[in-house]
Amino acid sequence: MNIQIFGKPKCFDTRKAERYFKERGIRFQSINVLEKPPSSGELKSIIQAAGSIEALIDTASPRYSEIAYLESADIADKLCEVPVLFRTPIVRNGRQATVGYSPEVWKTWE
């Protein structure tokens, strides 16, 4: 299992996700999405696993209005430019990924 957690340092759900894996003794790589957003290939894989790019968007972000009316292809570019717009945590396990706190899915990865 190769777990990556893309999150924001002050995100409560990101900390809960990290705690979930720590408590089970599962090693993971924690990545600050604000400093290092997913590469275009990673983003494509995450979008495919999440079902849509809209699932990755934090609609509660004060900067949400910057992407509210963009096309999907433009949204992907904007997310990488302004990573505060990502909904976190984004948890990857190979080609599988979840957005948000999803322990019910993570249990199936163990």
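Small disclaimer: the values here were computed from a predicted structure and weren't measured.
The CZ atom of Arg19 sits 11.5 Å away from the OG1 atom of Thr14 when rounded to the nearest 0.5 Å. Atoms CD1 and SG, on Ile5 and Cys11 in that order, are 11.0 Å from each other to the nearest 0.5 Å. Interatomic distance, CG of Asn32 versus NZ of Lys36, reported as 11.0 Å (0.5 Å rounding). In this structure, Ile90 CD1 and Ile46 CD1 are separated by 5.0 Å, a value rounded to the nearest 0.5 Å. For the atom pair Ser102 OG and Lys107 NZ, the distance stands at 12.0 Å (nearest 0.5 Å).
At least one side-chain heavy atom of Leu56 sits under 4.5 Å from a side-chain heavy atom of Leu43. Counting heavy atoms from C-beta on, the side chains of Tyr20 and Trp106 come closer than 4.5 Å. Taking 4.5 Å as the limit, every side-chain heavy atom of Trp109 sits out of range of all side-chain heavy atoms of Ile26. Between Ile31 and Gln4, the closest side-chain pair of non-hydrogen atoms falls below 4.5 Å. For the pair Val33 and Thr88, the minimum side-chain heavy-atom distance is below 4.5 Å. Side chains of Pro89 and Phe6 form no contact here, defined as non-hydrogen atoms less than 4.5 Å apart.
No donor-acceptor pair closer than 3.5 Å links the side chain of Ser61 to the backbone N or O of Asp58. Remark: side-chain polar atoms of Ser39 are paired, donor with acceptor, to backbone N or O of Glu42 under 3.5 angstrom. In terms of modelled atom types and a separation under 3.5 Å, the side chain of Lys8 and the main chain of Phe86 share a donor-acceptor contact.
Closest approach of Ala49 and Ala97 over heavy atoms only: CB-N, 3.5 Å. What you find for Pro38 and Cys80 is that their closest heavy atoms are O-SG, 3.7 Å.
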Please report the C-alpha distance between Val84 and Arg63 in whole Å, then the side-chain angles of each, then the deciding distance to 0.1 Å, and finally whether the side-chain contact (heavy atoms from CB on, under 4.5 Å) criterion is met. CA-CA 8 Å; Val84 73; Arg63 297 191 64 185; 4.1 Å; yes
Is there a side-chain contact (heavy atoms from CB on, under 4.5 Å) between Phe21 and Arg27 once you walk through the steps? CA-CA 7 Å; Phe21 289 105; Arg27 293 176 39 168; over 6 Å; no
Verdict with supporting geometry, Leu79 and Ile53, side-chain contact (heavy atoms from CB on, under 4.5 Å): CA-CA 10 Å; Leu79 281 172; Ile53 194 161; 4.1 Å; yes
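Few gaps surround CD on Glu81; more than 12 heavy atoms of other groups in view lie less than 6.0 Å from it. At most 12 non-hydrogen atoms from other residues, nucleotides or ligands lie less than 6.0 angstrom from NZ of Lys44.
Residues Phe28 and Phe12 do not share a hydrophobic cluster, clusters being chains of Ile/Leu/Val/Met/Phe/Trp/Tyr side chains in contact below 4.5 Å.
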